[in-house]
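Letters A, B, ... are given to chains in the order of the sequence lines, protein chains preceding strands, and every chain is numbered from 1. Side chains included, hydrogens not; waters and symmetry mates left out as well; all remaining heavy atoms used.
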There are 2 protein chains.
Amino acid sequence: MDRVATIRDVAARAGVSIATVSRVLNGSGNATPETMEKVRAAASDLSFRPSTIGRNLKAARTRTVGVLVPSLTNPVFAESVAGIQEAADEAGYSVLIASTDYDPARESRAIEGLLSNRVEGLVLTVADADRSGSLDTLDEVRLPYVLAYNQPERAPRAHVSVDNVAASRAVVERMVALGHRRIGMIAGRFRQSDRSRRRHAGWLAALDDAGLPPGPVVEVDFNELRLSHLLAPHLEGAERPTAFFASNDMLALATIRALRDLGLSVPDDVSVCGFDGIEVGRLMTPSLATLVQPARAMGATAFECLRTGFSDDLQGRAVMLPFTLRPGESLGPAPSKSS
Amino acid sequence: MDRVATIRDVAARAGVSIATVSRVLNGSGNATPETMEKVRAAASDLSFRPSTIGRNLKAARTRTVGVLVPSLTNPVFAESVAGIQEAADEAGYSVLIASTDYDPARESRAIEGLLSNRVEGLVLTVADADRSGSLDTLDEVRLPYVLAYNQPERAPRAHVSVDNVAASRAVVERMVALGHRRIGMIAGRFRQSDRSRRRHAGWLAALDDAGLPPGPVVEVDFNELRLSHLLAPHLEGAERPTAFFASNDMLALATIRALRDLGLSVPDDVSVCGFDGIEVGRLMTPSLATLVQPARAMGATAFECLRTGFSDDLQGRAVMLPFTLRPGESLGPAPSKSS
DNA sequence: AAGCCGGATGGAAACGTTTCCATTCTTCAC
DNA sequence: GTGAAGAATGGAAACGTTTCCATCCGGCTT
């Protein structure tokens, strides 16, 4: 692999100084038409591409933002990353993406990497926004960041999300309206997810409002896709739940699968509603009822907050995005025998 | 935001030269235990993080690879990117991810960006590996790259994929074994996808071998999720296909959805088999039968090829990964009335 | 005791840009 | 015709590293 052309090569070929080359190619400062022509020709002949590295070093700014998500394979994060990329692309920013796969060691390594790359800010989704070493690190070095999806309870940290409590209430209220009286919840580990906690709180509050006792709560690990053995104990007897609220869509899908494996029909025996609004949910049978968060907009908005907030103070700012309840075949009326 | 500490700050605080700081922190060269201690302390006090930019500029190598995929929201690409990241992380490489959303303009911009960032090589998936301006550009500048998923027909370009023709044959053979005689295909636009073409070729070859006439072929755009109106014309009359082979899983899901919307049962009336092996396929009802490509391994392998091949010549090297047919409820025996 | 070796350290150059400042040259007003 | 203004251009510094080379010093061999 041969050496890549530098600005000096272009200057030599065009018979001008590197200063002139830089000015012409960046459109800053003036230059004779002939000079411009010569420089452009030389640059194109050598297929010169200015080195971002050299440029950044000099400029002391990188026009790059970092993104950290738990996993790219969860469609909801993939979608939000796509939103960030789109917005960043438009604003002339580059994006550095890192994923942690729920591994704390990888998380700190990723943050270190992004820091070393001198990103100007970060958009990230962490497990628990109230107790996160990574966020502490960022606070320490005073690097602006905006959380996406996270909704910190105590720490005043900038974030973009939906109102998880209100959203969960909406789900439960819908279930109640459909005649469900025993409503369970399948949730990601509370210790590992502020979102899961909030959604649980909303579920609890809505049940309370409706004068209903809380149904069983099943906490599961992320990446856990085999749920039958966890659900089975809660499905025996006449008092079994007629509906489950899952704290995210992947869990909802796994739940439907498990129910079906246990010989129950969705939604005839048991209804299920998820949270996230991933696109594949529309394609399955039964189609997935879910609380839709605007994932793409979430990413894009977080990026915009970061960008426009670079100068201002980001501390504790919060943006709430609207949510909608997408009906789906997985959520139907409660079985009549149970009403 | 205050200025970030540089190696000079550390040197000053430790009372040594920047050369010594560099040596201590990188473990190259010798140093007195006390010196090492002083330097480490100073670095940690200032929470010094060496600038990748400065480092790369000097080193003239970035230990960074670029990744280009059509879309991060297609699980099969997300998964392969995850595989790349994992392998890269392990090898001490950084990853720069770009996605094109099937937009040629964004594709060239992305490539330019990666080139400017002086990536040492690329792993990419393009629409058509035989006619791709981006690949031509890469050849021109002699930057090593490895294609993932693509299987070029003419151009001798390094790639990692499965044998798409053989894989498609396996699918069709299975369908034939299940009694299907009229087998249609739902395929991504041939002009836009070498994979789609190959898979179509395999489908055709297998039908020919079985002495069956090819069923209808429906070419659809990427991102097209509403297929009912495209499928409807081919589902009338007694001669309608009893099985469809979809050239990728997202299409397969959309196909199942459409069939169902048209009042047909899957798999009782019509069977469907996809291609890719995305995880959600296991979770749906009916579970998706699909030809599984090892997506994670695809990414990881492509990265390894790139890394180990940096010195050698990558030209036209090909690695074929094994595929498996994952049975699923969407693919059943042909309806008896048609046998 | 003289010379050497080698370990510890510092000075300085280099990487590829951008940009400040200085220089040259043209043009125009007086 | 002289001076000034301003446009075009070049020289050189700076950004944060790594690394080559030189220097210094203590201790060993002979």
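- As rounded to whole Å, 10 Å separates atom P of D/dA8 from atom CE of A/M36.
- Residue contacts for B/N26: at a heavy-atom cut-off of 4.0 Å it reaches the sugar-phosphate backbone alone, with no base atom in range.
- Across C/dT17, C/dA8, D/dT17, the shortest atom-to-atom separation from the side chain of B/F48 is found for D/dT17.
- Nucleic acid contact class of B/I7 (heavy atoms, under 4.0 Å, all strands): base.
- One finds no side-chain N or O of B/N30 lying less than 4.0 angstrom from the OP1 or OP2 phosphate oxygen of C/dT9.
- Note on B/R55: every side-chain N or O is 4.0 Å or more away from OP1 and OP2 of D/dG16.
- Under 4.0 angstrom from either OP1 or OP2 of D/dT9 there lies at least one side-chain N or O belonging to A/T32.
- Heavy-atom distances to DNA chain C give each of B/R23 and A/S51 a nearest nucleotide, and the one nearer the 5′ end belongs to B/R23.
- In the set D/dT9, D/dT17, D/dG10, the nucleotide with an atom closest to the side chain of A/V16 is D/dG10.
- Note: B/F303 and B/Y93 have perpendicular aromatic rings, judged against thresholds of 30 and 60 degrees for the angle between ring planes.
- Between the A/S28 side chain and the A/N26 main chain, no donor and acceptor come within less than 3.5 Å of each other.
- The pair A/R40-A/E37 does not count as a salt bridge, with every side-chain nitrogen at least 4.0 angstrom from each carboxylate oxygen.
- Of the candidate nucleotides D/dC15, C/dC15, C/dT17, C/dT17 has the atom nearest to the side chain of B/R118.
- Atom CG in B/N56 sits about 19 Å away from atom P in D/dC15, given to the nearest Å.
- Residue A/R61 contributes atom CZ, which lies 14 Å from atom P of C/dT18 at whole-angstrom precision.
- The side chain of B/S22 has D/dT19 as its nearest neighbour among D/dA7, D/dT19, D/dG16.
- Ring orientation note: the planes of A/F77 and A/Y149 are nearly perpendicular, at an angle over 60° on the 30°/60° scale.
- As a whole-Å value, the separation of A/R49 CZ from C/dT17 C1' is 17 Å.
- One can place CG of A/L46 at 15 Å from C1' of C/dG16, the figure rounded to the nearest angstrom.
- Atom CD of B/E112 has more than 12 neighbouring heavy atoms from other residues, nucleotides or ligands inside a 6.0 Å radius.
- If you check every strand for non-hydrogen atoms under 4.0 Å, A/T35 touches sugar and phosphate atoms only.
- Look at CD1 on B/I53: it is 14 Å from C1' on C/dT18, rounded to the nearest Å.
- Here D/dG16 presents its C1' atom at 7 Å from CZ of B/R8, a figure rounded to the nearest Å.
- Distance, B/D9 CG to D/dT17 C1': 13 Å, rounded to whole Å.
- For the residue pair A/Q85 and B/S99, a side-chain donor N or O sits within less than 3.5 Å of a side-chain acceptor on the partner.
- The listed nucleotides are C/dA8, D/dG16, C/dT17; the one nearest the side chain of A/K58 is C/dT17.
- Considering only the side chain of A/A19, D/dG10 comes nearest among D/dG10, C/dA8, C/dC15.
- In the set D/dG16, D/dG11, D/dA12, the nucleotide with an atom closest to the side chain of A/I18 is D/dA12.
- If B/G54 and B/T20 are placed on DNA chain C by their nearest nucleotide, the residue sitting closer to the 5' end is B/T20.
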